[in-house]
Protein chains: 2
Amino acid sequence: MLQEEVSILLGQKNMSKTPCRVEVLRVLLESGSALSEPDIRSRLNGGFDRTTVYRTLRSFLDQDVIHSISLEGGTVMYAITHQKEKHAELFHSHFFCDDCSKVYCLTKPEFEPPVLPEGFKANGYDLLINGTCNNCS
Amino acid sequence: MLQEEVSILLGQKNMSKTPCRVEVLRVLLESGSALSEPDIRSRLNGGFDRTTVYRTLRSFLDQDVIHSISLEGGTVMYAITHQKEKHAELFHSHFFCDDCSKVYCLTKPEFEPPVLPEGFKANGYDLLINGTCNNCS
DNA sequence: CGTATGTTTGCAACATTGTTGCAGAATAAA
DNA sequence: TTTATTCTGCAACAATGTTGCAAACATACG
């Protein structure tokens with residue numbers, strides 16, 4: 001159930017269950033994909049202020065409850081962090097549908113990275129794949 | 001020589017050699033890495049308006065003379081597009097140094113991408129690797 | 001040469017995304 | 001209840017990017 005999932009997410013990070021936090025998590029969980037702040041705010045029940053939503057997102061980002069995805073052109077989307085995968089901290093892979101503009105978090109984000117030039121050391125990989133999603137093909 | 005390279009880049013795309021375009025290309029070529037608009041503008045000789053620089057960047061983006069790289073958090077950087085590589089249109093790989101914040105375009109951007117879920121079709125790959133560059137290690 | 005046409009530039013204005021300061025409301029703790 | 005903490009809304013601000021308009025400049029054509 002949704003309420004439970006929200007409680008678990010907040011409880012794990014010792015975050016209090018405020019109305020705005022609960023709503024933001026509900027919206028993100030229900031959408032199943034990444035959303036921009038305007039997207040999120042327009043779906044919230046309660047009519048919260050822009051500032052409050054941004055502060056909520058900032059807290060979630062700091063606590064790794066959510067993560068941000070930067071699209072071509074600088075648009076930033078926010079999505080729940082599901083850490084089922086082992087290398088979730090190292091590899092982040094997302095899919096952007098050119099057709100419906102939906103953003104999906106790939107659950108198996110690991111891949112064979114390119115060889116770096118001499119002297120370069122990698123700490124993390126952020127991959128953004130664009131194309132057509134299963135809904136649009 | 002730099003002047004020549006600028007002329008070639010503009011000539012290939014049938015773009016007129018305006019002062020601002022020449023300056024922006026000079027700055028990007030001299031820096032050798034990706035720069036933000038404020039970075040670029042502060043290095044221009046001539047004191048061009050913010051708007052003029054953005055319009056110049058837009059033209060270059062439309063003509064694929066440059067490309068943009070979106071960093072974590074939504075910062076956008078601009079870099080010359082070197083299409084020496086075959087798969088340059090499909091694979092874009094960049095390296096962000098956590099130490100000096102410099103952004104490098106990787107010249108061999110191909111890699112083994114992750115397997116997509118059923119029904120998803122990829123059109124392009126944008127990889128952003130973060131870590132330590134050769135100057136900072 | 002002069003005129004018409006097109007492009008570049010600067011200025012002002014605006015939109016969007018995100019942050020910060022401050023004061024009031026709500027919540028939890030004493 | 002009183003105190004302390006944290007949330008929230010409002011106003012203001014900063015950064016990035018776009019658009020409209022008019023002046024400047026270059027280009028082409030008669």
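Lettering of chains follows the sequences in order, A, B, ..., and the numbering in each one begins at 1.
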Between protein and nucleotides 7-20 of chain C, map the contacts as a letter string: B base, S sugar-phosphate only, - none, heavy atoms under 4.0 Å, written 5' to 3'.
-> -SBBBB----BBBB

Spacing of B:Met77 atom CE relative to D:dA15 atom C1', expressed in whole Å | 15 Å

Rounded to whole Å, CG of A:Leu57 lies from C1' of D:dC7 at a distance of 15 Å

Assign the ring pair B:Tyr125 / B:Phe91 to parallel, tilted or perpendicular, where the plane angle (0 to 90°) is split at 30° and 60°.
-> parallel

Do B:Arg58 and B:Asp62 sit within salt-bridge range, that is, some charged N less than 4.0 Å from a carboxylate O?
-> yes

Let me know the distance between NZ of B:Lys17 and C1' of D:dC25, rounded to the nearest Å.
-> 17 Å

Ring centers of A:Phe120, B:Tyr104 separated by less than 6.0 Å = yes

List for me each residue that meets salt bridge (Lys or Arg N to Asp or Glu O under 4.0 Å) alongside B:Glu118, sequence neighbours excluded, and say none if there are none.
-> none

Are B:His94 and B:Phe96 close enough, and set up right, to give a side-chain contact (heavy atoms from CB on, under 4.5 Å), and what steps lead you there?
-> CA-CA 7 Å; B:His94 297 95; B:Phe96 174 82; over 6 Å; no

